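Computed from a predicted structure; not experimentally measured. Start at 1 and go down the list; that is how both ligands and their atoms are numbered.
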Amino acid sequence: MKSFTGFLVVLSSFVMVATAGNFYQDFDLTWGDKRAKIFNGGQLLSLSLDRVSGSGFKSKREYLFGRIDMQLKLVAGNSAGTVTAYYLSSEGPTHDEIDFEFLGNTTGDPYIVHTNVFTQGKGNREQQFYLWFDPTKNFHTYSILWDSRQIVFLVDNTPIRVFANAERKGVPFPKNQPMRIHSSLWNADDWATRGGLVKTDWSKSPFTAYYRNFNVQGSTSSRYMNGAWKSQQLDAYSRRRLRWVQKNFMIYNYCTDLKRFPQGLPAECR
Ligand SMILES: *[C@@H]1O[C@H](CO)[C@@H](O)[C@H](O)[C@H]1NC(C)=O
């Protein structure tokens with residue numbers, strides 16, 4: 001019996017590996033010349049930024065709904081002024097977009113995770129968070145769970161933000177335009193760190209971020225994911241975790257920014 005169980009374990013890990021992504025197969029390096037690199041046989045990708053340029057990559061395939069996981073290890077040390085953007089986006093003037101942006105900081109000071117959702121070309125839906133760990137020490141999993149009812153942003157499986165479908169209130173929801181996964185590392189020292197007060201220290205360049213264990217669920221063999229894919233509703237534990245993050249780590253929420261929206265908060269916030 002013992003060896004039989006061992007066999008099952010081997011078998012299931014094989015299936016896992018087979019569904020996990022390979023950077024050579026799934027992504028194109030889009031800019032930054034040799035600053036974007038794939039190695040370890042397609043298991044690891046790195047982006048770097050120096051005085052001359054940043055770098056980026058995007059997925060070969062487009063996705064419409066699904067769960068997309070990526071592990072990132074962010075720029076370590078003095079990363080002030082740098083931004084690592086990791087997002088899904090469709091194309092064109094009325095594009096949809098689901099954003100994670102990691103705003104660097106001076107050594108020992110906290111990164112900000114900046115999130116946004118664009119629908120039909122319109123964003124202005126920022127929420128920002130600190131993390132409950134140092135994102136430069138190890139790889140952590142950043143996920144987007146997207147179906148026709150909601151978009152959930154997760155960090156190490158903890159939901160940090162839910163953008164619910166509010167079409168009932170006249171708010172467009174991303175559900176028709178397939179998106180590609182994009183990532184880039186670039187210099188944004190005009191706004192990123194303490195609102196632009198802290199500049200990039202180029203003597204510390206190149207700055208490098210690492211990616212691994214890309215995984216998609218809901219994928220089919222068609223050009224993009226099967227639109228029928230549905231995620232599970234958040235369970236009670238996940239909802240508690242979400243409240244814990246929003247209470248302790250959220251530093252900005254457009255939905256409570258009355259100064260910014262004196263005519264009234266956006267419809268999805270009401
Ligand atoms: C950087 O650290 C400062 C001081 O702790 C903090 O106010 C700021 O929110 C941090 N993050 C960024 C991206 O500026």
* To do: Please check if any side-chain donor atom of Y211 sits under 3.5 Å from a side-chain acceptor atom of S183, or the reverse.
  => yes
**Asked** With no hydrogens and no angle check, do the side chains of T115 and R161 hold a donor and an acceptor under 3.5 Å apart?
**Response** yes
Pick out the protein N or O atoms lying less than 3.5 Å from any N or O of ligand 1, and list each pair with its distance.
| residue | atom | partner | partner atom | Å |
| --- | --- | --- | --- | --- |
| ligand 1 | 2 (O) | N105 | OD1 | 3.4 |
| ligand 1 | 2 (O) | N105 | ND2 | 2.5 |
| ligand 1 | 9 (O) | Y130 | OH | 2.7 |
| ligand 1 | 11 (N) | N105 | ND2 | 2.6 |
| ligand 1 | 11 (N) | P110 | O | 3.0 |
| ligand 1 | 14 (O) | R194 | N | 2.8 |

Ionic contact status for R35 with D50, cut-off 4.0 Å: yes
For residues T141 and D69, is any side-chain donor paired with an opposing acceptor at under 3.5 Å?
no
Q. Do T30 and D28 have a side chain donor and acceptor closer than 3.5 Å?
A. no
The side-chain contact (heavy atoms from CB on, under 4.5 Å) partners of T208 (sequence neighbours excluded) come to S46, S48, Y210
